[in-house]
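None of these values were measured; they are calculated from a predicted model. Letters A, B, ... are given to chains in the order of the sequence lines, protein chains preceding strands, and every chain is numbered from 1.
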Amino acid sequence: MIQLFRVSKVYPPNYPALTDIHLHVEKGEFVFLSGPSGAGKTTLLKLLFREEEATGGQIIVNGRNITRLDGAGIARLRQEIGLVFQEFKLLPSMTALENVALAAEVVGMSRRESRRRAFHLLRELGLREKHDARPLTLSGGEQQRVAIARALVNDPILVLADEPTGNLDADMAEETMRVFLKIHEKGTTIMIATHDAGVLKRFHHRGVQLQRGRLMSDSKSAQREVAS
Amino acid sequence: MKVAQLSFVFRRVLKSLRELLWTHILTSGTMAMTLFIFGGFLLIQENLHGLLRGWGSQIQIFAYLEHSLSQADLQSLLGDVRNYPEVESVRFVSKGEAWENFREALGAQSGVLEGLPSDILPSSLEISLKRPYRYRASVAAVAQRLRGMKGISEVEYPEEWIEKLTLLVVGVQWAKWILGGFLFIATLLIVGSTVKLAILARKDEIEIMQLVGAPAGLIKAPFVIEGMIQGVLGASLSLFFLWLLFLFARYRLPSSLGIFPAHDQLQFLGSEAISLLVFLGWLLGAGGSLFSLRRFLKTWGSGRQ
Ligand SMILES: Nc1ncnc2c1ncn2[C@@H]1O[C@H](COP(=O)(O)OP(=O)(O)OP(=O)(O)O)[C@@H](O)[C@H]1O
Ligand SMILES: [Mg+2]
């Protein structure tokens with residue numbers, strides 16, 4: 001699903017945010033990307049949805065080399081990826097339902113179908129009563145679930161989340177993580193960046209650790225080493 | 001683009017027109033002002049034909065004849081002058097007629113002429129030139145040739161008039177493009193900055209659309225369409241005010257000013273000029289939007305390419 005070969009990213013003028021990253025993520029995997037602040041987690045995710053361009057190496061997402069893409073290519077790539085952010089990025093002037101439906105509409109789904117799907121997703125995520133609420137009248141956890149619904153509305157094969165629980169209290173964070181687990185159970189590949197080392201212990205999924213732009217440890221290759 | 005996306009763009013435009021009504025009206029008004037001035041020049045230019053017809057008939061060469069000219073010499077002179085290729089018509093004004101004209105011109109003061117012989121004024125030829133020759137160089141050339149003819153003592157023509165006419169024609173043509181071009185660029189910048197405001201107001205929305213993979217065309221289309229609507233609206237507005245100006249000139253401006261020929265000779269812009277104005281409005285709107293969008297989506301936003 002995701003393959004990175006010797007990927008590096010140097011921010012101008014010459015700040016090396018990522019250096020020589022090798023990473024393979026299989027279809028259907030659930031990966032936690034961890035590391036201290038400034039380690040390069042956000043940068044790595046940005047490379048995957050082409051908010052940033054790698055300065056070295058090759059990146060394959062879903063069989064497509066994304067190191068060289070034009071605007072239309074980037075748009076197509078993003079239609080296959082669901083994105084969730086720490087600060088939710090919901091539009092305050094629209095209702096929860098409209099926020100979710102917008103994402104489907106702009107990639108060509110009819111208004112009616114978009115709203116229908118948004119409605120079902122919100123209900124699945126426990127926001128049955130809230131689809132007409134504006135984001136700012138919702139709790140943080142509810143807002144993040146609206147954002148997750150939006151990430152799912154186009155049936156992504158990959159969901160990338162950058163500190164999705166960063167703005168939530170412990171209970172809300174736990175609940176949000178469970179939502180991701182449920183999505184994962186349906187076969188979606190998920191990659192979550194977090195600096196909360198605790199989740200790695202509580203959830204027994206693959207953990208990839210970055211430090212100062214380098215890949216420090218990968219629980220999957222560690223397991224493989226133990227097995228062999 | 002799919003039908004669903006078209007309907008999305010359409011709804012977006014309607015929503016924006018509703019929510020930012022005054023911004024749109026102000027932008028249209030700005031465009032209307034520019035187009036009004038440009039259209040005003042077009043109006044003058046289109047009517048310059050009529051104007052020239054009116055003024056052109058005043059361009060005559062007066063050739064004063066020698067007192068001693070015999071009837072036979074006069075006839076041959078008239079024949080010669082009529083054969084000039086530039087000459088449209090020649091009218092002979094006899095001494096008596098000149099005297100009558102002079103008396104009429106003096107009006108109440110004509111008493112001062114009492115006792116003077118009525119053949120004191122010279123007879124003359126009033127020569128009108130064909131239209132293509134009613135400009136300075138050719139009038140001067142004809143005058144020069146007349147001066148060399150036997151029987152003609154003096155030649156006069158309204159040099160000032162001709163000079164003014166030539167200047168006016170050239171002036172309107174240049175002013176239209178220089179002033180018009182200048183205003184066009186200024187308006188483009190104004191439209192550009194209003195679009196920038198509209199873009200900034202919807203910055204978050206644009207960001208999210210980019211993040212979920214909306215095609216660039218879909219993101220830009222509403223702004224460009226809004227610009228076109230504003231432009232065409234602005235052009236219509238300017239045409240409306242040009243029409244008012246036209247009616248005013250036609251019915252309210254006293255003909256005694258002598259600037260315009262007979263009132264009913266004034267004409268409104270032809271269909272070509274109207275199309276040009278609407279097209280320019282459309283171009284202003286679409287161009288201003290695309291200009292801002294390009295800069296905005298390049299410096300800010302996703303997928304730095
Ligand atoms: N646009 C940019 N220009 C220059 N430097 C940048 C830019 N974005 C990030 N950086 C730098 O790159 C490094 C990695 O940043 P990144 O945001 O990827 O870290 P992170 O692991 O997500 O940190 P956090 O846990 O605090 O979110 C940081 O030192 C940051 O200052
Ligand atoms: Mg980060």
Q.
Which one wins on heavy-atom pair count under 4.5 Å against chain B: A:N99, A:V107, A:L83, A:L77?
A. A:V107
(Q) If we define contacts as heavy-atom pairs under 4.5 Å, which of A:R112, A:R76, A:M94, A:E113 has the most with chain B? (A)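 Sorted descending by pairs with chain B, the first entry is A:M94.
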Counting only heavy atoms from other residues, nucleotides and ligands, does the tally under 6.0 Å from [atom1] of [X] exceed 12?
X: B:F291; atom1: CZ; answer: no
X: B:F240; atom1: CZ; answer: no
X: A:R212; atom1: CZ; answer: no
X: A:R6; atom1: CZ; answer: no
X: B:K176; atom1: NZ; answer: yes

Does any backbone or side-chain atom of [X] lie under 4.5 Å from a heavy atom of chain B? Answer side chain, backbone, both or neither.
X: A:M109; result: backbone
X: A:A103; result: both
X: A:R150; result: side chain

Q. What residues form a side-chain hydrogen bond (donor to acceptor under 3.5 Å, both in side chains) with B:H24, not counting sequence neighbours?
A.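 With sequence neighbours excluded, B:H24 shows a side-chain hydrogen bond (donor to acceptor under 3.5 Å, both in side chains) to B:S16, B:Q230, given in chain and number order.
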Q.
Return the CG to CD1 distance between A:L91 and B:I208, rounded to the nearest 0.5 Å.
A. 3.5 Å
Q) Distance-only, no hydrogens or angles: does the A:R78 side chain make a donor-acceptor pair with backbone N or O of B:Q210 under 3.5 Å? A)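 Between the backbone of B:Q210 and the side chain of A:R78 there is a qualifying donor-acceptor contact (under 3.5 Å).
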Looking only at non-hydrogen atoms, find the nearest pair between [X] and [Y] and report the distance.
X: B:A4; Y: A:G108; answer: CB-O, 3.4 Å
X: B:Q5; Y: A:V106; answer: NE2-O, 2.9 Å
X: B:A214; Y: A:A75; answer: O-CB, 4.0 Å

Q: Applying side chain to side chain contact (heavy atoms under 4.5 Å, CB included), name anything that partners A:L121, two or more places apart in sequence or on another chain.
A: A:A149, A:L152, A:V153
